[in-house]
Amino acid sequence: MLLEEVFGLPNIKSAKKRVLVAQKKTAQNKAAKSALKTTLKKFDAAVAEGNRSEADSVYKAAVKTVDQAAAAGLIHKNKAAHKKSQMTIKLNAMQG
């Protein structure tokens with residue numbers, strides 16, 4: 001960890017560290033949210049194309065990703081439940 005990377009910010013060592021930690025966590029959260037959105041788009045694409053077997057496998061991965069995001073505090077638990085409910089309704093509405 002290089003404290004010299006923090007320019008124009010607090011002079012106190014612990015404050016500099018907090019800035020660096022906050023930047024790192026922000027990047028991790030952004031990547032996790034992006035992965036969540038990508039997984040949900042994959043599920044929607046599988047449902048749209050009508051491939052039931054692919055939709056089933058992607059559904060399982062999407063539910064796991066949503067649960068992990070809720071556990072990490074990236075999304076609210078009620079939003080996670082809503083997303084899972086929406087996916088389940090779409091999956092059950094598929095023919096085949």
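Numbering starts at 1 and runs along the sequence shown. Every heavy atom of this structure was used, including side-chain atoms; hydrogens, water molecules and symmetry mates were not. No experiment lies behind these values; they were computed from the predicted model shown.
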Could you tell me the separation between the [atom1] atom of [X] and the [atom2] atom of [Y], rounded to the nearest 0.5 Å?
X   : Y   : atom1 : atom2 : result
K83 : H76 : NZ    : NE2   : 15.0 Å
L36 : L74 : CG    : CG    : 8.0 Å
K42 : S57 : NZ    : OG    : 10.0 Å
D67 : K77 : CG    : NZ    : 12.5 Å
I75 : H82 : CD1   : NE2   : 11.0 Å

Does the side chain of [Y] come within less than 4.5 Å of [X]'s, by heavy atoms?
X   : Y   : answer
V47 : Y59 : no
L40 : T65 : no
D44 : M87 : no

Shortest non-hydrogen contact between [X] and [Y], atoms and distance:
X   : Y   : answer
M94 : A55 : SD-CB, 3.8 Å
K16 : N11 : CE-O, 3.7 Å
V58 : T39 : CG1-O, 4.2 Å

Inset, instruction - Output yes when a side-chain donor or acceptor of T38 lies under 3.5 Å from a complementary backbone atom of S34, and no otherwise. - result: yes
Legend entry - Chi angles and distances behind the side-chain hydrogen bond (donor to acceptor under 3.5 Å, both in side chains) call for S53, N51: CA-CA 6 Å; S53 61; N51 189 346; 3.1 Å; yes
Inset, instruction - Determine, step by step, whether K60 and D56 satisfy the salt bridge (charged side-chain N to carboxylate O under 4.0 Å, His left out) criterion, reporting the C-alpha distance in whole Å, the side-chain angles of both residues, the deciding distance to 0.1 Å, and the verdict. - result: CA-CA 6 Å; K60 290 177 185 175; D56 281 333; over 6 Å; no
